[in-house]
Protein chains: 2
Amino acid sequence: MHHRKPTIEDVAREAGVSRATASRAMNNMPGSSARTRALVAQVAQTLGYRPDPAARALASGRQMAIDLVVINYEPDLVWIGGHPYFGRVIAGMTTALAGTDVQLRIHVASLDKAGELIDAVARTTAGAVLVNVTSDLAVRFWRQCPHVVSLNTPAPMVPLVASDNTGGAYTALAHLHRIGARRIAAIHGPSINACATSRRHGHRDLIEDAGMPDLSANGAFTREGGYRAAARLLEQHPDIDGMFVASDLMAAGAVQAITAIGRKIPDDVAVIGFDDSIAATCANPPLSTIALPVEEMAATATRALLDGDLAPTWLSNFPVRLITRQSTDAAALC
Amino acid sequence: MHHRKPTIEDVAREAGVSRATASRAMNNMPGSSARTRALVAQVAQTLGYRPDPAARALASGRQMAIDLVVINYEPDLVWIGGHPYFGRVIAGMTTALAGTDVQLRIHVASLDKAGELIDAVARTTAGAVLVNVTSDLAVRFWRQCPHVVSLNTPAPMVPLVASDNTGGAYTALAHLHRIGARRIAAIHGPSINACATSRRHGHRDLIEDAGMPDLSANGAFTREGGYRAAARLLEQHPDIDGMFVASDLMAAGAVQAITAIGRKIPDDVAVIGFDDSIAATCANPPLSTIALPVEEMAATATRALLDGDLAPTWLSNFPVRLITRQSTDAAALC
DNA sequence: TTGAAAGCGCTACCAT
DNA sequence: ATGGTAGCGCTTTCAA
């Protein structure tokens with residue numbers, strides 16, 4: 001016996017009705033008796049019929065998908081699972097897509113395969129959100145498909161949803177300064193990352209305005225990096241009384257390093273992170289931080305894609321918000 | 001001027017070639033001169049032509065997608081972004097899908113919309129991975145589409161990828177016992193969750209074997225829940241010297257509660273979590289925990305879907321692994 | 001190397 | 001309520 005995948009034709013024949021009737025019955029369209037409906041459903045069931053999504057999409061004209069493209073700079077794909085940011089983007093996109101019949105597709109590639117992926121998705125997508133995609137690759141995408149929004153990474157011409165990273169860093173440092181810290185160290189993210197660079201600028205602005213020295217180190221946006229950077233900074237500058245850490249993940253590591261050498265947080269060293277990710281609340285003590293409305297940003301990007309009017313250089317900017325917890329304020333509620 | 005979306009027909013006409021030639025040229029198929037190729041590409045570019053994925057899929061017969069279905073029990077969609085587990089599943093699936101031309105689609109629904117989503121996806125998917133989907137809904141899915149794997153939640157007939165939660169809990173508690181803890185409290189997840197239930201069983205088994213009292217509380221799998229449960233347990237049983245917490249997220253909260261009242265970890269109270277998620281490493285001190293190979297599990301589920309031979313009751317079981325860090329072992333490296 | 005034409009499986013319109 | 005049928009936009013033989 002030859003096993004072809006059953007089509008609606010097979011169902012119709014077996015049920016003794018026309019294709020049209022079978023289609024109506026299975027899609028619960030008006031104009032189809034309950035008897036027929038039941039019969040067709042029954043036949044479809046026993047035949048194991050599954051409608052072909054492509055054929056259905058082609059015939060009906062609807063069916064869309066929005067693509068999320070993420071580039072993975074680390075050699076290991078694991079970071080994407082471990083990174084708190086990524087899930088929030090999906091959550092935001094999902095929210096924006098709820099109620100529509102638009103699907104969400106996910107693509108992840110390492111840096112060496114990034115070009116291929118960009119081209120492949122750009123050729124076929126109805127709209128895409130770019131996360132962690134470098135400026136040049138974003139432009140490459142945009143050239144092939146203008147229905148695209150970059151999240152947080154600016155690129156010439158490419159529509160952008162951004163947040164005020166520079167202002168956020170400034171606010172964070174101003175908070176440390178306000179509560180009395182005067183020897184404030186900073187742990188930055190990698191320069192390749194646009195957010196990290198903006199946050200560096202905010203840091204530079206405030207230490208200039210406040211006339212404080214630049215006590216900076218690089219933490220590579222990882223917890224381990226944050227731990228090591230903090231340990232090194234404290235060794236080189238034992239009088240540090242505040243620490244601005246450009247991501248919560250690094251800040252969680254910094255907190256561990258600080259308490260490991262017996263300093264108290266916030267009494268000896270006040271610490272503030274960035275992102276308001278899960279790492280901020282899991283740290284001990286919980287971290288003051290700058291909240292990024294990632295979900296809303298992703299939702300906005302998605303809606304912009306759905307609406308379709310995306311002029312080049314379209315820009316949506318989101319404010320950030322200071323959240324104070326025990327790492328800068330002993331009296332804060334947990 | 002009427003703006004229809006340009007089709008390959010338009011490109012062909014404009015380039016003065018046939019549809020077939022245009023198709024070949026754009027897909028870089030053999031049998032197409034460089035001149036034609038360039039010409040067609042040029043025309044396509046200026047016309048802003050984008051191939052219709054549905055039509056292409058229908059005509060070529062290829063193109064598949066695997067679906068990830070997640071049910072969100074919390075009222076708020078945010079948890080999915082905050083939950084460390086979810087991103088790891090995607091990372092695993094992505095790995096398994098790399099190199100194939102199979103797409104990954106994501107679907108999230110709240111509990112009240114879960115039935116709808118299950119039916120919608122089951123009707124059209126070529127294969128699906130179910131995360132956090134209750135047993136009855138998983139069965140409902142399976143009835144409509146047998147190409148499905150449930151992750152960690154057993155359901156009658158439904159193929160399953162599981163990990164040894166019961167054994168993991170037993171191992172975790174045995175570790176606490178081995179390092180000398182005798183008054184061991186437990187913070188559990190919600191009974192509705194299959195993993196939580198298995199971990200309860202492992203806990204029950206060990207305290208019976210070791211002849212220890214049952215000092216249990218419920219932490220709802222949230223950090224806040226873990227914090228409150230730990231605080232309450234310590235108040236009711238001040239002599240607690242060990243704590244088994246059924247998820248790292250809850251354990252991070254428990255750690256905060258324990259240090260907040262001045263107890264030392266691990267000297268006064270040793271703590272062990274579960275999952276080896278980001279919450280475990282961000283806690284302070286870092287948490288000993290039971291590592292779940294979530295990425296591998298998700299990858300296995302995905303590959304099983306791709307291979308296609310999924311007998312009912314197909315089962316793949318993964319071992320778990322004890323990871324020791326400072327929360328049970330002061331000398332552990334960070 | 002190119003063109004003509006036959007579908008891919010389904011929906012939706014127009015009759016009946 | 002049902003059946004016939006014309007496409008949806010593309011790929012892929014088969015001939016030229």
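Scope of the values below: all heavy atoms of this structure, side chains included, with no hydrogens, waters or symmetry mates.
Nearest-nucleotide mapping onto DNA chain C: of A:Leu58 and B:Pro30, the residue sitting toward the 5' end is B:Pro30.
Here the C1' atom of nucleotide D:dG9 and the CD1 atom of B:Ile8 are 8 Å apart, to the nearest Å. The interatomic distance linking B:Arg13 (CZ) with C:dT2 (P) rounds to 19 Å, in whole Å. Rounded to an integer number of Å, the gap from CG of A:Leu39 to C1' of D:dA1 is 14 Å. Look at OH on A:Tyr49: it is 7 Å from C1' on C:dG9, rounded to the nearest Å. Distance A:Arg24 CZ to D:dT5 C1': 12 Å, rounded to the nearest Å. Taking atom NZ of residue A:Lys5 and atom C1' of nucleotide C:dC8, one finds them 11 Å apart after rounding to whole Å. Between the CG atom of A:Asn27 and the P atom of C:dC10 there is a distance of 10 Å, rounded to whole Å. The CZ-P distance, from B:Arg19 to C:dG3, rounds to 12 Å in whole Å.
At a cut-off of 3.5 Å, with distance as the only test, a side-chain donor of B:Thr125 or B:Asp67 sits close to an acceptor on the other residue. A donor atom on one side chain and an acceptor atom on the other are not found under 3.5 Å apart for B:Thr153 and B:Ser150. For the residue pair B:Asn317 / B:Ser163, no side-chain donor-acceptor distance below 3.5 Å is found, with atom types taken as modelled. In this structure, a donor-acceptor pair under 3.5 Å is absent between the side chains of B:Thr7 and B:Asp52.
Atom OH of B:Tyr49 and atom CD of B:Glu9 lie 10.5 Å apart (nearest 0.5 Å).
Contact annotation: B:Thr36 does not reach the phosphate of C:dT1 (side-chain N/O to OP1 or OP2, under 4.0 Å). For B:Ser33, no side-chain nitrogen or oxygen approaches OP1 or OP2 of C:dT1 to under 4.0 Å. Side-chain nitrogen and oxygen atoms of A:Arg56 include at least one within less than 4.0 Å of the OP1 or OP2 phosphate oxygen of C:dT11. Checking the phosphate oxygens (OP1, OP2) of D:dT12, no side-chain nitrogen or oxygen of B:Ser23 falls inside 4.0 Å. Put simply, A:Ser18 has a side-chain N or O that comes within less than 4.0 Å of OP1 or OP2 on D:dG3.
Of the candidates C:dT2, C:dC8, C:dC10, the closest approach to any side-chain atom of A:Ala55 belongs to C:dC10. Checking D:dG3, C:dT11, C:dA12 against the side-chain heavy atoms of A:Ala59 singles out C:dT11 as nearest. Each of D:dT11, C:dG3, C:dG9 was ranked by its minimum atom distance to the side chain of B:Ser60; first place goes to D:dT11. Ranking C:dA12, C:dC10, C:dA5 by closeness to the A:Pro51 side chain, first place goes to C:dC10.
Across all strands, B:Gly61 comes closer than 4.0 Å to no nucleic acid atom at all (heavy-atom distances).
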